[in-house]
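Okay, so here's the structure we're looking at.
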Number of protein chains: 2
Amino acid sequence: MKTTVGDWTESFLGTRNLPRRVRDKLLHEARVVSYKQGQQVFGPDNIPDSLMFLHAGRIRVSQSSDAGREIVLYRVEAGESCVLTTACMLSEEAYNAEGIAETDVTAITLPKTSFDRLAAEEDSFRGFVFSAYSRRLIDLLRVVDDVAFGRMDVRLAERLLALGEGHSEIQATHQALANELGTAREVVSRILNDFQKRGLILQTRGRITLQNKPQLERLADSA
Amino acid sequence: MKTTVGDWTESFLGTRNLPRRVRDKLLHEARVVSYKQGQQVFGPDNIPDSLMFLHAGRIRVSQSSDAGREIVLYRVEAGESCVLTTACMLSEEAYNAEGIAETDVTAITLPKTSFDRLAAEEDSFRGFVFSAYSRRLIDLLRVVDDVAFGRMDVRLAERLLALGEGHSEIQATHQALANELGTAREVVSRILNDFQKRGLILQTRGRITLQNKPQLERLADSA
DNA sequence: TGCTCTTCAGTGACAATGTCACCCAACGCA
DNA sequence: TGCGTTGGGTGACATTGTCACTGAAGAGCA
């Protein structure tokens with residue numbers, strides 16, 4: 001099922017307060033791209049030459065170490081832009097972050113020349129891009145703070161609560177949680193076992209049930 | 001000794017390839033500010049409402065934890081712009097990064113309205129700002145990588161080599177080094193004592209002498 | 001010279017986290 | 001039913017962070 005650019009005009013960036021004129025311009029020059037869940041959107045060996053705006057789905061941006069450990073930097077949600085790619089376009093530095101489609105994803109990409117022109121002509125577009133950069137900077141500040149100063153049990157409790165928002169069942173392996181937090185599976189296992197002994201959660205293979213959210217929240221807030 | 005804006009036209013941003021016309025525009029609307037060494041340029045309680053371009057000196061941007069630990073995120077050198085302040089202007093999020101003048105500093109600040117207009121009118125200015133954002137993003141990626149995956153002895157060796165570039169004498173307390181790396185003084189002391197036992201350095205109070213740079217480099221490269 | 005005060009560094013014990021080398025259990029599938 | 005794959009458990013050890021001290025080095029001053 002092919003989606004054409006035109007179909008989006010109503011929905012894309014609707015929440016971003018971009019005037020209709022800007023959206024039309026943007027969509028006029030854009031190309032549609034889509035990725036299947038699990039596919040790599042960008043990475044060290046796959047640097048795109050255009051700016052990407054996410055229409056639907058979610059991209060997980062993470063960084064991995066030589067030793068095979070991994071940490072999630074942030075997630076790009078529908079309506080947001082993925083500025084890291086442009087950052088890497090500009091500075092030729094090596095980096096080892098990659099973006100993975102966490103769900104099926106559709107996005108539009110804007111060639112660099114179109115991007116430049118839009119940024120020149122449209123205040124709102126420019127503001128959108130600047131604020132996208134800012135958001136990511138702030139996100140990364142948070143990650144640095146967590147990793148440098150945070151306790152692992154606190155961070156894990158936070159993630160569990162985030163993943164269990166609205167319900168109490170979480171589908172995630174210990175390894176996956178470790179990759180979120182930039183730690184090792186064994187560490188996650190230890191802490192989860194401790195949580196279970198304390199009655200905060202229940203575990204079965206690949207699934208965690210939050211038994212006592214209030215206390216988990218107290219733990220998470222004791223940052 | 002007061003410096004007027006006009007005096008800078010030749011020197012400011014000279015290396016950035018901004019056309020003369022752009023520099024003139026920029027300087028026309030700018031205000032000069034200066035800070036003494038050690039003074040706080042910005043911080044959680046001190047969010048500027050304008051964009052800053054550094055003319056001379058160096059600013060250390062660091063983040064600190066509630067427990068009093070601290071980590072250096074990056075440094076802003078002459079000719080660069082400090083985008084973190086603008087990031088925080090845009091997103092109202094709380095953050096706990098601060099900028100300290102590491103040397104005496106002179107800079108120009110551009111009010112938000114002037115910034116917007118320049119960004120609209122001048123391609124080269126816009127490019128400059130985008131690339132400043134990119135640089136910081138990349139810097140932060142590096143910090144995350146170091147903190148999440150790096151070994152402390154390796155990181156410390158790196159810092160020592162950076163600080164001892166060109167000579168071999170470093171003036172720094174263990175506490176100061178700990179604040180660079182986001183760790184505790186005791187940890188730095190332990191590692192430095194180990195370095196000394198291995199003949200890599202010599203220590204006296206507040207001073208470190210690099211005795212064996214090649215081996216330190218091997219250590220630093222074994223990241 | 002000696003005294004005092006402040007800053008800087010050293011130490012040992014312990015807790016938290018990361019690493020390694022395993023083992024075992026649960027599940028999917030033929 | 002057996003088998004291979006994946007997820008998880010465990011103990012030993014290394015590294016790093018925390019705490020509560022101690023002592024040493026320098027600055028200033030009588």
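Letters A, B, ... are given to chains in the order of the sequence lines, protein chains preceding strands, and every chain is numbered from 1.
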Given [N], is OP1 or OP2 found less than 4.0 Å from the side-chain N or O atoms of [X]?
X        : N      : value
B/His174 : C/dG10 : yes
B/Thr183 : D/dT16 : no
B/Ser189 : C/dG10 : yes
A/Arg69  : C/dT19 : yes

Q | Axial bend angle, the helix from C/dT1-D/dA30 to C/dA30-D/dT1: five-pair end segments, nearest 10° | A |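 That helix gives 10° between its end axes.
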
To the nearest angstrom, how far is [X] atom [atom1] from [N] atom [atom2]?
X        : N      : atom1 : atom2 : answer
A/Gln175 : D/dT6  : CD    : P     : 12 Å
A/Glu186 : D/dG11 : CD    : P     : 14 Å
B/Asn193 : D/dT15 : CG    : C1'   : 16 Å
B/Gln171 : C/dC8  : CD    : C1'   : 13 Å
B/Asp194 : D/dA14 : CG    : C1'   : 13 Å
B/Phe195 : D/dT15 : CZ    : C1'   : 13 Å
B/Arg207 : C/dC8  : CZ    : P     : 14 Å
B/Leu177 : C/dT7  : CG    : P     : 19 Å

Examine the side chains of [X] and [Y] and answer whether a donor and an acceptor come within less than 3.5 Å of each other.
X        : Y        : value
B/Glu70  : B/Gln63  : no
B/Glu98  : B/Gln40  : yes
B/Glu169 : B/Thr209 : yes
A/Asn193 : A/Gln203 : yes

Q.
Looking at A/Arg151 and D/dG17, is any side-chain donor or acceptor paired with a base atom of the opposite kind under 3.5 Å?
A.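 Side chain to base: no pair below 3.5 Å.
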
Q.
Can you tell me whether the side chain of A/Arg190 and the base of D/dT10 have a donor-acceptor pair closer than 3.5 Å?
A.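 Answer no: no donor N or O sits under 3.5 Å from an acceptor.
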
Q: Let me know, please, whether A/Val187 or A/Arg205 comes out on the 5' side of the other along DNA chain C by nearest nucleotide.
A: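 Between the two, 5'-proximity favours A/Val187.
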
Q: Could you say whether A/Met152 or A/Arg185 is positioned toward the 5' end of DNA chain C, judged by the nucleotide with the nearest heavy atom to each?
A: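 Result of the comparison: A/Met152.
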
(Q) Under the salt bridge (charged side-chain N to carboxylate O under 4.0 Å, His left out) test against B/Glu180, which residue among B/Arg75, B/Arg69, B/Arg155 passes? (A)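 Considering B/Arg75, B/Arg69, B/Arg155, a salt bridge (charged side-chain N to carboxylate O under 4.0 Å, His left out) with B/Glu180 is found only for B/Arg75.
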
Q: Using salt bridge (charged side-chain N to carboxylate O under 4.0 Å, His left out) as the criterion, point out the one residue from A/Arg151, A/Arg218, A/Arg142 that pairs with A/Glu158.
A: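 Answer after filtering A/Arg151, A/Arg218, A/Arg142: A/Arg142.
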
Q: Using a strict 4.0 Å threshold on nitrogen-to-oxygen distance, state whether A/Asp139 and A/Arg135 make a salt bridge.
A: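 No, no charged N to carboxylate O under 4.0 Å.
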
